[in-house]
Each structure stands twice: as structure tokens, then as C-alpha cells.
Amino acid sequence: MGHPAKWIAASAYSDARGYGLACVSIGTAFGLARVFLYFHWPLPFTAFALCAIVVAFWYGGISPGILAALLSALIRSVFFEPGVAVISRIVYDLAFLIVAVLMTQVMRARNELETRITERSAALKEANETLRHEVAEGTRAEAYLAEAQKLSHTGSFGWHVSSGKIYWSEETFRIFEFEAAIEPTLEIIFERIHPADRQSVRESIDSAARETKDFDFEHRLLMPDGSVKYLRVVGHPTENRGGNLEFVGAVTDNTKRTRAEQDLHVAMAERARLDRVRAEVGMALARKGSLKEMLSKCVEAMVHHLDAAFARIWTLSGDGRQLELQASAGVYTRLDGRYSRIPIGELKIGRIAHERKAHLTNDVQNDPWIDSKDWAREEGMISFAGYPLVIEDRTVGVIGMFSQNALAQSTLDDLSFIADGIAQGIERKRAEEMLRRSEAFLAEAQRISQICCFGWVPSTGEILLSTETFRIFEFEPGTDLTLDLAFERVHPEDRPFARQRLETAAREQNDFDYEHRLQMPDGRIKYVRVVGRPCRIGELQDPLFIATVSDVTKSKLTELSLRQSERYLAEAEALAHVGSWAWGVKGREAIYLSDEWYRIYGLDPKDGAPNFEARMELIHPDDRSGVIGTIEQAMKDKAEYDLEFRVLSPSGTVKHVRAIGHPVLNAAGELVQFVGSSTDITERKHAEGQLRYTIDAIPALAWYGSPEGSVEFLNQRWLDYTGLSTEQAQGWGWQVAIHPDDVERAMRLFKESLDAKRPYEIEARFRRNDGEFRWFLFRGSPWCDASGRVVKWFGANADVEDLKRTEEALRASEQNFRLIVDNIPGLVFITNAEGKLEQVNRRVLEYLGKKVEDLNGWAPNDAIHPDDLQKAIALWKDTVEMGDTHSADLRLRGADDTYHWFQSRGLTLRDSEDRILRCYYLLTDIDERKKTDEKLRRSEETLLEAQRLSHTSSWRLDTRTGAVVVSPEGRQIFGLTPDDDESVAEVYFSRFHPEDRKRAQELFERCVNEKTTLQSDHRIVLPDGSIKHLHVIGHPVFNESGDLAEYVGTTMDVSERRRADEERERLRQAQTDLAHISRVTTMGELTASLAHELNQPIAAALTDASTCLSWLKRDRPDLNEACEAASRIVKDTTRAGEIISRIRLMFQKGDQERALVDVNEVIGEVLALLRSEALRYSISIQINLGKGVPQVLGDRIQLQQVLMNLMVNSIEAMKEVDGIRELEINSQWTNNRQTMVSVCDTGIGLLQGTDNIFDAFFTTKAHGTGMGLRISRSIVESHGGRLWASHNSPRGAAFYLTLPAHSPTQ
Amino acid sequence: MKGDSYQGMIVNFFARRYLANMAVQAEERLVAVIDDDELMRNALRGLLKAAGYPARVFASAEEFLNSSLKPQTACLIVDVRMPGMSGLELQARLKQDRYAIPTIFITAHGDTKMKMEALRAGAVEFLTKPFDNAVLLQHVRVALGS
């Protein structure tokens, strides 16, 4: 749209240029035509002009074109061929006109086209402008979107499901941290997805793709640098233009939000944890129980919630100098380790307590407070937190914990929260503990002192009681005890008094102190002392009595019993004439003198205690100085004294007194006083005098002495006999009268008796006054008081010289006796009437292997066989009671510990009054006889047992009397009843079976008569009708003169054997039948081969017959050849016959016929039948028959059967086998005189093992009966041989059979 | 010199006889009978002799193969089943060795399958024992004539 003027100018210029162009082009055409004309070329003007017109039209427009056409017509007509005919001119002009018209049309079309193009171009331009604008808008929107995505961390994507193509926005690339250059695929994306989320993501998108539904899930990305991003992916299915499924969606990076959430969770968890710790610690503090239990719960809570490896609490010890470990939880729970006690100020815990400052470190290794760094490294402890437990500015303990993870600073805050509570808990527990302890102390003190206390408010009647009250009053603890209830326990007699005392005290507000009795429900009496005083406590208006009740039963009872015993003592003293006393050393004044003392000294207690001098005055003047001297000495030595002296009582009587004093020393060891007793021994002194007189009167040498053995008194006879004076003999002087050779022994024995306080008897030689020594028996015995203390020794010596002489004579006589006894060929025991062993002979000692000393106290019971003990006792009894000679057989154990049989005889020696003095026992060795008897008995028993077992009876016929003696089994066999007389032969004959009786009886009688041996088998019929088979053997026995003495024999019940034989026969028959069936079956299987075998000779015979005929039919019959052919026929048929007879043999059924059989022949016969069968299956047969294989005794057909069976089995086994098929048969003569045949094949082998193939019904064949090998083995075994199988090498099976070779002696 | 000529004459005489014999032998056309059963062998020999055919008998295929008479054997009567090499195997072996000897099989175990196998391999006839002698001789004649 330019300026109009400009537009006009442009149009004029365009017109001018068009017309000019028309002129120029026509001019050019004219010029070219003139040039052509000049060179006499054919006149081309028209062509040029036409071109010029076209050019003018095309470039100049319609008007210039028309101009050009006009000009052309003009020029032509003017300058070229002016003289041409009109028609030609018209033609040319027409041509120009047509061209002009055509070009005009063309130009018009062109102009129209150009106009249209111009219009379209303008429209296009406009559209282009619009588009550019839109694109700019889109780009800007895209930039906005990208920016928005960037800001919101949301990327978009498109996923073409079928092609798997994925489109990502820039932000998506950024989120996934991929270069924008790569092409995203599911594989790449899944590599980025956190492995734990892959499965779920895959399932989500698979299910969305499958069901064409939206998906919206969150997952994590695992970046190459290990960082994790949290994404939310939202997708929506759409269909694109191609109709394919496409998902578009957005991926939002939620990492920051998720992290913030997680942090929030952590913080909340931290908060919850703290709450839990505080709650648990609070519960622990509130719970009952010991301090340790409480603190244990606290540390457990810390370990559980504060991420501690272990936590501990120490408390301050009582002296405040150290910390004591009270609780530990976590990996360490011991309380007795190295850190159980930590001094204040030492180590980290001590320092925390000292400085009262919390300590937390997450670098244990470099923390100066931590001492055991090696331990921490090994255990992986990296952090520690400690907090002091402080209450009211006092440290009561420390909390400490180690952790294997870093601890937040907040841990200290946590600790501070719980530390206060724990500190207060500790304090509270301590206070409780103290209270409990003091209560316990009080209760224990009350219990020990048996004192209870109570408070009583008289105005209200209210009472407060200690637990001991219940115990003293014996009420159940917890009883609602009132004053009235307590008074019920008071003894009825004391009740009014007690109540009155209490009421008075309450009324007058006085102290009270009284004792009374309690009567318990079971009647026991207790004494109690009640002490109380009124007092006012606090703001209480009414007075309160605090009182104690003490159980004084014990002291009360002691007091009562003391008084009682004092009374008893006084009475005892009076009865025993013993007075007790005590006197002080200082001033020697009497401290205590009992009533009896006064009585002994003839004084009156009412006159007061006499002083020392007065007391001495009372002593007989002859004894006084001695008494005073002894007392002085005792005072000096601070020792006891024991005095006897006479007292002159004021009444003038003389009394003998024995005083014993005992020194009493004070703590410093100084003698303070003497206490003791004075005994009136006047009566004893009189008795002693009488005793001496008595002893003097004894007609023997008698004496008595002190408890120590020192002789005090010897009677006159003693002194007269020895010629010694009393002084010489007193004490130990009497020893001089003992023979010097005997004195040492006698004194030793005497001393031993003294020590043992036992009577003694000693024999020793004693010197008479004339110097002669005679044998004396010294006897002495102690006299003891009630307590067993020796008071005196009394003794007497008797002259035993004559007795001694008699003894020696007796000993000599006894020696002789002994010699005789020792030589008796038996064991001799001599006992006294009580059965005590007195003597035995040498043989006894030898037999028993004992010494004489061993027999002292030994009882023969030890050696008697336990089974014979009763017998021995009975023998002893009989001997003692009846007195006659009695005997018994019994076993006695010898030194070699074996028992021998002895015949024991006993007899007695009696005195005139028929009292037994001694018993004599003679034991004669009857061991040999006994053993022989035993052997005989056993053999007889064995025989009877054997007869019983073998059902055999032995019998004996006395030929003279006809009496029969039959062994017990005979009764059994013949079924004799008790009524039957077994000694009568007729009884037995009557049992004979009617059919056998005549024959058997006649045979028996004939043998007996003819004195020949009898052998008979016959039957008997028992009363119950049963039949037995008997085998009877008998033979005559002749006496020394050759006459028939008796006929003895045995009868054997062979019914069982007979039945067994029949059974065996039946079995054998069954086996034979079975073998026959098996044989027939085998032959049946071989029918085809046998037919072939038979076919062969028949075919040959036919051919030969034909040949024979042809020779005979000739014109000149050749008889020789015919004969030859005929003889061949004979051979053929013979062979056929042989085969048939073999077959028939195998089919034959019959009893076994044992004959000598050549095994090689049998093998040949079997092979003849099996040749065709082998050939049929291309089996080659190798035969190695040993030379000189001996014959065996057996049944030919059965052996053939065995071999045929083995070979048929082998052929069967090789039928289907590829490769070599070879049947090898060997026979040989083995070292142990056996004929061995082996049948080996290369078949399938023994797949089922080598043993069970012989079991009945075991088969591997499709149609086998499983009996073949079983039958074969039983046949071989019935021939005394063996059949077994083994594996063949390299393949197949091998069967071996051995048969015992027949020896001519068999 | 005279002696030399006599010697030469004698040598020439025997040499000629030998050669003539050889020629006769070479010319003679034999019937070979192979059967492991002696009775059958002898019977066939007698039959062939009576019919005027020269016959040789062998107890096994191996024996025949090892003999020098193969070239002049014009007819072979062979049992099918024998220990060692069977009649059919012999037939195959001869075919392999390019001996085209007309063969008549005789067997006591004849079955159709076996018969077809033999005939397919070029057997003249397959006879089951006992067979018709005339038939056998007819085949022998044909075989010798060919």
C-alpha cells in the first residue's frame, strides 16, 4: 500500500516499458530478418515476428503485444514480400492475429493467476504473522511453565506405552539428574529408582497400563552420589492421535518436604522418648522396694530410651567420701566391678559429683575426663553423658551413661529432667530406710529385752501399742487390744490389785511400778513388771501415760528357784554334815558361815561369827599348828588347801573335820578370800578303824592302799609272811618281796590296772620270811564311790604254788592228747558246753589256713556252706541235747576258698551229774565220695531226662521171676494208670495193637527164650484209643556163669518220627511233582526248538529215502549206493528216536532213581535238546568238559532238569542282548572231592542280586513261574550239593553247582 | 642227451597231465552243500550224487569260504541257521566278494520274513525242511545250466 502518486508513476513506467519492449522485439525481429535476407537465407521474418509478439505479450502485456502484432503485420507487408498475393497476406495477418488472440488469452489467464497468487500471498503473509505471534506466545508460556516447574520441583512427562517412548520436561531431567541429551527409557528410570521401591513402582505402572487408569504413587530415587530423593509421580492415561495409549503426568520432587516431615517425626520421637523416660523414671521412683530396685528401673529406662549402651547411678556413701554404684543396666549389669566405689573428685564420675557439673562428650577418645580410652575403642563407645544428682545444694549421686552413638546436646536436658526426680527419690528412699531401720532396731530391742511399751490416755481409754505387746500378752498381732482385753490376761488373783494400781495412778497422775502375773489361755503363768509415768505430749490436753511392760518371768522363776535351792542346800548340809564358809584374807574375818558349820563347831549362829583366832582356838591343840601352817602356805601360794583335824567343841566332844578351802582371786589376780567347806568326818574315822581290824582278821595276805596305789595298810599275816615291818612295806616298799625276775612285769600290770581302775590278777613269785620264793596270785580291785572315783584299792595275795605244779602236769598230759588229736585223719573241733571253740587239731588249722590265734572268737559258721548251716546247727543241738553220737554231711570252706564235703560226728563229755563238759566234733573228708554220688545222680537224672525227651523207656525183665522193671518214661509211653501193675509183662502186651499183638508177642517170647537180640516195631493202643508206634530193642544179659540173668532193652515211642517220615515223604512227592511240572513247563517253552531238532533227522531221512529210491529205480539199480542211502536213513531215524526218548524222559513223571551219573554225559544230553534253541537266538555255545570228572550218585532226570533250567535261563537272558551271545559250560573236579559245573552267559545279568533269585516265586521273566531256580536248588541240595550264582565278567551271570563225587565206599 | 630227452618227456607228460587236470577242475561245475547237521549234509550229498551232480559238503560257512572251491561252485545249497556265520550272512558276504553263485536256502525254521529277506538278496529258492527233493534238484539243474 504505497503512495498513490508513486503507484501511478510506477504504472506509467510499466506501460512504457511494455510498449518499448514490443517495439524493440519487433525491431529485433525485423533486423534479424534483414540479416537473414542479406545472406539469402530463407525468409524467416514471420517466425521472428511471431516470437517477438509472444515476447511482447509475455513481458510487455496485452496492449504492447497487440501493438507488436500490428507492427509485425505492417512491417511484413512493407518490407517483406510486398508483392505477395492478398490471400497470402491475409493468411500471414491471420496468423499474427491468431497468435495475438492466443497470447491475449494466455496473458489474461496469467494476469488472473498472478492476481490470485498475490492475494494468496498476502493472506499467507498475514497468517504467517499471526503464527509467529502465537509461537512467540507459546515459547513464552513454555518458559513460564519451565520456570513454574522449576520452582515447584515438578516435572512433566509423557509415556507412550506401546512404543515405550518417554518424553520429559526439562525439570524432569533435572529431578532425575540426567543430561537433557539422553533419551529416557524405563530401564534408565528404574536404575535411578531406589532398589527397595522398584518392585512397587513397577507394579503400580504395570497395573495402570494394564487397566488404563490413573496412577499416583511416591517413591525414592537413589542418586549416583548416594543421596536419596523422594518423588511423587502422578499419571493420567490418554489416547493419542494414533489411538495408542499414552500416559501424561507429573513428577514432583518431595525431598525437602519429606525431609522436613522426617525431622518433625524425629523431633516428635525425641519428645515422646523423653516423655517415656520421664514417665518410666517417675514410675520407678514411685514404686515400693529398695533403693537399688528403684535405681535399677531408672537406669533401665535410660538404656531403653536414651540410646545408652549402658547407664549407671552412683550414690554418695554415708561418710560422703565416695560414690557407691547402686544400679547398672545395659551391657554392664555388675555392681562389684572396678567402678563400684569411686572417690569424690576422681575419675569422671567423681569429678562430676565434686564439681556438680554435667558433662557430655561425643568424642570419648579425645576427652580428658575419660580415662579408659582403650576399653571405649574396643567396645565402640563414642559418647558419654554424666549428670550430678543434687538436692538442696547437696550431691547425693551421679548418673552416667555411655553410648555407641553420638548423643545430642538434648540428652543432657533429658538427664536434667530425670536427675532431679532421681535425687529426690534417693533422698526419700534413704529417709525411709533410716526410719525403717530405727523402727526395726526398736522392735528388735523390745523383743530381745522382752519389754513392750504402750501409751495410754486414761480419759479416752485409747492405747498405742508396740508389736512386742502382742507377743508378751500373746495376742495375734493386729488384734484390737483394749485395756479390758489386756486385763483378761492378768491372773485372776492379781487382777483387782493391778486394776486398782492403774486406776489410782490415772486418778492421781502418779508414776506406777508394780508386778503381777499373767495367765495365758493354755494355763502358763508369766510375770510382768509394769512401769509407767504420766506425761504431756504436744498439744494433747489429756495426760498420756507412757508405760513399759517387761516380761520378768525368767528372773522371777530364777529368784524363786534360788530361794528354793538355798533351802535345799541347808538341808543337804545338815544331812551330809558339811558346813560351808567363806573368809576374807584381809583381817581373816568370816564372810559367811553356814548353819551346819556352826553345828559342827558346836557354836550358835546367834552368837555371831567367830574371828580367825577364835576359830583356831576350837582346833585340837595337837593339830592347830599344822592347820595354821597349811593355811599360811595356801595363802602364800594362792592355792587350795585340804586339811583334816580334830575340833574340840565347847561341849567337850572331839570331832574329826575335813576342811577344803578354795582361793578366790580378784581381777588383778590378788587373793581376796577363801571359800570352802568343813565336813564332819568323825563317823568315817571310826569306820576306818573298824576296817583295819577286819582286814587284820582275814586269813590271807591282805592290804589296802590309796587311789594312787600306794599301800596304806597291810594286815598282820602279810607282815608275818614276808617278815617285813609296816614301815618297810608301806607305800611302794612291798616290792622287795617280789622275785626280781617278776617284779618288772608285775609292776607294769599293776600300773595298768591302776590307770584303768580295773581289778587285776597277777601271778608272781613272792618271798617268804625264810627267803624261799613261792608262786602267789596277787589280786586287787578298786573301791569306787558312786561317781566312779576310786576311793581305795583292796588286795589279797594267795599262795598258788601247788596249783601251779598241777597245771604243769596237766599241760604235759594235754600235749600228749594234742599229739593224738593232731594225728587223727580228720578235723577235730572241741567246744565247751556253750559251743565256744576251745581247741582244734592241726588239720583244722591246715585246712582252714588259719593260725591258732585266729580261732580265738572264731565261729565255724564262717566256714560252713550257707546251705548247710541249718544242718550244722541241728547237729550241734542234737549233740548237746541228746548226747548220743550224731552225724551230718556238710560242706566246709577251706583255705583255697573251695568247699569240701565232710561227714561231721559230734559227741559229748559229761560229768557225773550228766552236765556237758565238752563237745567233740570229728569231721571226716567225704568230698570224693560225695562228688561221685553227685555225678551218679546227675547221670541218672540226665538219663531220665534224655528218656523223657526221646520218648524212650528202658526196661528189665527178670527171666527167673518174670518181673518187669520199667523206667518212669515207660509208664508214660504205655499210658499206665496208677492201678496198673507195672511189674507184670501182660500189662504191656495187653496194650499191643490187635493186629500186631500176636506177631510182636511171639517175637518177644522167642527172643527171650532163644536168648537172642530183639528188634521189633509194632503199635500199641492206649486206653483213650490213640495209637503209638514203638520201636523195641532188647538183648539178653548173662551172669558170670553164662546163664541168662535178665533181659534188658529199650522201648522207643517213634510215633512222632513216623509221622515226620510220612510228612517228609509227602513233601518229597510234592517236590517231585513240582519238579515235573517245572520240567514239563520248560519243555513246553522249548517246543519250537525241539520241533526243529526233530525236523532235522526227519528231513534227512526223507531225502535219503528219496535218494535210495532213485538208485533203485535206475535201469541198472546201484544197490551199493541204495544200501548206503538206506543205512543213512537208519541213522537219521535213530537220531530222531533218541531225541524223542530224551524228550519223553523229561516229560516222565516218576520217583527218584539214584544211580551213578556221568555229569559230562548229562551236560551233552541237555545240550542236544537245547542246541536248536541256542542257534535260534544266535548264541554260541562253549563247552569245556573236564576230563576224568568222577561220577556222582544222583537222579539223572533231575540233574538234567537242573542243567536245562540253568541253560534255558541263560539263553533267555541273552535273547535280547546286543553283542556277543555266548553260553559257556564247564565241568571240573575240585580239590575237595566235588564235581563242579558252571553255566555262564553274557546276558543281562543278575539285576536283582545273587541271593533272592533263588527265592520261590521270584522271576524276572514275563511268563516265568519263579520256581525254576528254587526247584533246581532243592534238587542240588537233595543231592548233597550246592547251587549258587554270581556275576559274570564282563557281563551276564554265572551259575555254579557242586555235587559230591561218588566214592566206591559209599 | 638221450637221458635228458626222456627226462624232459616225463616232465612234459606230468606237467601236461597236471595242467589238464587243472583245466578239468577249473572247468568242473560243483554244487556246494553247507549244513551244520551231518545227517542232512550226507543226505544231500547222496541225493546230488544220485542225480549226477558233483557235490562238495561243508559243515560251516567259514569252512566253505576258506576252501579254494568258490570259483567253480555253480550252485550253493545252504542251511540258514548255523553256528557261526549264518546262511544269509554267507550270501551277503559272497555278494560283497562279487561271487554270484545261485543259492538255494534250506531251513527247518522257515518263516516268511526270513524267506523274503533271502529271496530279495538274490536267492534262487528258499526251502523248508523237509522239502521235496524233486524241487531241489530242479533248481540245481537250472542253476547249473545257467
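Residue numbering restarts at 1 for every chain, and letters A, B, ... go by the order of the sequence lines. Values reported hereafter were calculated over all heavy atoms of this structure, with side chains retained and with hydrogens, waters and symmetry mates removed. Given the structure is predicted, the values throughout are model-derived calculations rather than measurements.
For the options A:Lys1131, A:Arg1176, A:Glu1093, heavy-atom pairs under 4.5 Å to chain B are most numerous at A:Arg1176. The residue among B:Ala51, B:Ala134, B:Pro83 with the most heavy atom pairs within less than 4.5 Å of chain A is B:Pro83. Contact tally against chain B (heavy-atom pairs below 4.5 Å) for A:Ile1179, A:Thr1107, A:Ile1181: the top residue is A:Thr1107.
Note: A:Ile1098 CD1 to B:Met40 CE = 11.5 Å, rounded to the nearest 0.5 Å. To the nearest 0.5 Å, atom CG of residue B:Asp79 and atom CG of residue A:Leu1175 are 7.5 Å apart.
Proximity to chain A is absent for every atom of B:Asp132, based on heavy atoms less than 4.5 angstrom apart. Looking at A:Ser1110, the atoms closer than 4.5 Å to chain B (heavy atoms on both sides) all sit in the side chain, from C-beta outward. Residue A:Arg1114 touches chain B through its side chain alone, counting heavy-atom pairs closer than 4.5 Å.
Within the 4.5 Å cutoff, no side-chain heavy atoms of B:Leu39 are placed close to those of A:Gln1096. Using a 4.5 Å heavy-atom cutoff, the side chains of A:Thr1103 and B:Leu136 are not in contact. A 4.5 Å side-chain heavy-atom check between B:Asp37 and A:Arg1135 finds at least one atom pair inside the cut-off.
Heavy atoms of other residues, nucleotides or ligands lying less than 6.0 angstrom from CD of B:Glu63 number more than 12. Around CG of B:Leu119, the count of heavy atoms belonging to other residues, nucleotides or ligands within 6.0 Å exceeds 12.
Listed for the A:Asn1095 side chain is a donor-acceptor partner under 3.5 Å among the backbone atoms of B:Lys129.
For the pair A:His1092 and B:Ala108, the tightest heavy-atom approach, listed with the atom from each and the gap, is CD2-CB, 2.6 Å.
Salt-bridge formation is detected for the pair A:Arg1171/B:Asp36: a Lys NZ or Arg NE/NH1/NH2 atom is positioned less than 4.0 Å from an Asp or Glu carboxylate oxygen.
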